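Below is one structure, written out as structure tokens, with a few remarks after it.
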Amino acid sequence: MAFSDEIITWYNQHKRDLPWRHTRNPYVIWLSEVILQQTRVEQGLPYFYRFLTHYPDVISFAGAPEEEILLHWQGLGYYSRARNMHKAAKAVVAEYDGIFPKKYEDLIRLKGVGEYTAAAVASFAANEAKAVVDGNVFRVLARYFGIDEPINSSKGKKLFLGLADDLLDKVNPGLYNQAVMEFGAIQCKPKHPDCANCVLRLDCRALAERRVNQLPVKIKGKASRNRYFNYFVVTMGDRLLMNKRGTGDIWENLYELPLIETPYLMDVRELASIQEVAECFGKGADLRLVAGPVKHVLSHQNLFAQFIAIDVQDEIIGKKMKWNYVFMKDLGTLAKPKLIYSFLEEYMVE
DNA sequence: AAGACGGGGGG
DNA sequence: CCCCCAGTCTT
């Protein structure tokens, strides 16, 4: 049997029942695909339902404020996905009269829609013959064909893209695409794939050569850098000083506590002596460590965060333009990174 | 071509 | 601790 037929037969017997597999609505499929970028199904599922409930169609999505979309996205990570989705939704309303496109060539022009997502939406919603190549597909192909070209090199990407196109079932591209990804997720897993019971075991090159656990090959990225975040807990009555993050760094447009970053971990005594603290809060301020340092790991950074309570005489306004007092009861309406809302939940509840 | 961008789960 | 996850964008 052909590769695609084996995969599809396997899929029909083993597929999970996932909500986005019951629709051909390109908007709904796009929603699911962006949520699932670099994200496990179990983690993305509640967000998929949440977004579908709040924004049942692309018109409502486009009409929502970015802050609200970010709030619903809170905790999912890679927040540029949410910001780009908003831009894409507005573009669909403006350029396609609110009719979500199904063609690869249209989809690929939308913000946040790359080759994978465009192929996924086009093939699932309109059965367009475009092969998806995600982490699952890379792994399945690398193993089945015994390819040791790194999947994240330019050469490797080209190689796997071409291979995926050759293997694509041209009659049922949507079904095949679903199938090969599901096969990678359930059968040809990264660790401990169940090769003994695999329908492709007789033709799998990696298995024949005992190289399954060495494939796919991936070039390692750069090591993470360490950063030291000193967050200040500044209250005034029933209000808390908050900061909206800008561009050019992590957590763009999300809210956090007032932050002073230092080149290394300082204790509160040393912190109290530095110029920036004096500029922001006045000289000789009384600092109390409330929590931390806690380590918070991002994809390319290790954050070491301390939370420091401080009593200020005067209202802090204008020293840092983006610092503003927010009513405690309204904190829930602000999109915050996990590090921040975890702290707030633990220490700011009455 | 290489880095940056979150957060969670598993070994 | 390291790797991986239904990737994309920027430099």
Side-chain angles (χ1 to χ4, degrees), chain A residues 15-16 18-21 29-48 70 73-85 87-88 107-121 123-124 131-140 142 150-158 160-161 164 174 177-186 188-193 213-225 227 245 247-254 256 295-303 335-342:
Chain A
K15 66 180 170 190
R16 292 167 290 181
L18 300 174
W20 43 83
R21 290 187 177 153
I29 295 170
W30 164 75
L31 207 52
S32 71
E33 290 302 337
V34 177
I35 287 173
L36 263 25
Q37 287 168 7
Q38 294 294 286
T39 304
R40 292 167 195 278
V41 167
E42 310 80 69
Q43 191 189 359
L45 212 38
Y47 288 85
F48 173 73
L70 282 172
W73 198 269
Q74 177 176 278
L76 194 54
Y78 284 161
Y79 297 91
S80 65
R81 289 183 291 173
R83 297 189 302 268
N84 285 335
M85 282 181 102
K87 292 176 192 160
L107 290 160
I108 195 71
R109 298 176 197 291
L110 297 174
K111 281 282 187 223
V113 176
E115 290 185 22
Y116 164 76
T117 304
V121 176
S123 68
F124 301 156
V132 295
V133 184
D134 72 334
N136 293 304
V137 178
F138 277 120
R139 185 169 58 253
V140 171
I151 61 174
N152 54 346
S153 68
S154 294
K155 191 176 167 191
K157 255 177 247 175
K158 216 172 291 178
F160 283 94
L161 262 296
N177 278 339
Q178 285 283 358
V180 65
M181 287 193 287
E182 188 77 340
F183 183 80
I186 294 180
C188 196
K189 297 176 292 187
K191 308 281 182 184
H192 310 301
N213 53 9
Q214 302 167 37
L215 296 176
V217 174
K218 201 170 187 176
I219 302 166
K220 290 194 208 318
K222 251 186 60 177
S224 293
R225 67 178 168 132
R227 298 176 75 177
R245 292 186 66 88
T247 58
D249 202 346
I250 56 173
W251 302 328
E252 184 174 329
N253 293 0
L254 269 61
E256 63 184 356
K295 185 178 180 184
H296 187 84
V297 178
L298 306 181
S299 52
H300 289 77
Q301 304 184 22
N302 300 128
L303 271 27
K336 301 168 289 294
K338 158 96 174 177
L339 175 64
I340 298 301
Y341 70 69
S342 297

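Since the model is a prediction, treat every value here as computed from it, not as a measurement.
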Tell me what [X] touches on the nucleic acid: a base, only sugar-phosphate, or nothing, going by heavy atoms under 4.0 Å.
{"X": "A:Trp73", "answer": "nothing"}
{"X": "A:Gly75", "answer": "sugar-phosphate"}
{"X": "A:Ile29", "answer": "nothing"}
{"X": "A:Thr117", "answer": "sugar-phosphate"}
{"X": "A:Lys87", "answer": "nothing"}
{"X": "A:Val113", "answer": "sugar-phosphate"}

Judged by atom type as modelled, is there a donor-acceptor pair below 3.5 Å linking the side chain of [X] to the main-chain atoms of [Y]?
{"X": "A:Ser342", "Y": "A:Leu339", "answer": "no"}
{"X": "A:Arg16", "Y": "A:Ile186", "answer": "no"}
{"X": "A:Arg40", "Y": "A:Leu36", "answer": "no"}

Determine the interatomic distance between [atom1] on [N] and the same-named atom on [M]; round to the nearest Å.
{"N": "B:dG8", "M": "C:dT8", "atom1": "P", "result": "22 Å"}
{"N": "C:dC5", "M": "B:dC5", "atom1": "C1'", "result": "14 Å"}
{"N": "B:dG6", "M": "C:dC3", "atom1": "C1'", "result": "16 Å"}

Output the rounded distance in Å from NZ (A:Lys191) to P (B:dG11). 10 Å
Residue whose nearest DNA chain B nucleotide is more 5′ - A:Arg40 or A:Lys220: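 Residue closer to the 5' terminus by nearest nucleotide: A:Lys220.
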Take A:Lys155 and A:Glu42, find for each the nucleotide of DNA chain B with the closest heavy atom, and name the residue whose nucleotide sits nearer the 5' end. A:Lys155
Salt-bridge contact A:Arg139-A:Asp134 (side-chain N to carboxylate O under 4.0 Å): no
Begin from the C-alpha positions of A:Lys336 and A:Glu256 and carry the test salt bridge (Lys or Arg N to Asp or Glu O under 4.0 Å) through to its verdict. CA-CA 6 Å; A:Lys336 301 168 289 294; A:Glu256 63 184 356; over 6 Å; no
For A:Trp20 and A:Phe48, I'd like to know if the aromatic rings sit close, meaning centre-to-centre distance below 6.0 Å. yes
Can you give me every donor-acceptor pair (side chain of residues 218-225 of chain A, partner residue at least two apart or in another chain, under 3.5 Å) with its distance?
none

Please list, for nucleotides 4-6 of chain B, all pairs of protein and nucleotide N/O atoms separated by less than 3.5 Å.
residue	atom	partner	partner atom	Å
B:dC5	OP2	A:Gln301	NE2	2.8
B:dC5	N3	A:Tyr78	OH	3.2
B:dG6	OP1	A:Tyr79	N	3.2
B:dG6	OP2	A:Trp251	N	2.9
B:dG6	O4'	A:Tyr78	N	2.8
B:dG6	N7	A:Tyr78	OH	3.2
B:dG6	O6	A:Tyr78	OH	3.1
B:dG6	N1	A:Gln38	O	3.2
B:dG6	N2	A:Gln38	O	3.4
B:dG6	N2	A:Thr39	OG1	3.4
B:dG6	N2	A:Leu76	O	3.2

With side chain to side chain donor-acceptor pair (under 3.5 Å) as the criterion, how do A:Thr117 and A:Gln37 come out once you've worked through the C-alpha distance, each side chain's angles and the decisive distance to 0.1 Å? CA-CA 8 Å; A:Thr117 304; A:Gln37 287 168 7; 2.9 Å; yes
Closest contact, heavy atoms only, A:Ala88 versus A:Lys111: CB-O, 3.7 Å
For B:dG6, which nucleotide is its Watson-Crick or G-U wobble mate, given both distances must be under 3.5 Å?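 Checking every strand shown, B:dG6 finds no partner, since no pair has both distances under 3.5 Å.
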Nucleotide interval of DNA chain C bounded by contacts with chain A (heavy-atom cut-off, under 4.0 Å):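 From 5' to 3', the first and last contacting nucleotides are C:dC1 to C:dC9.
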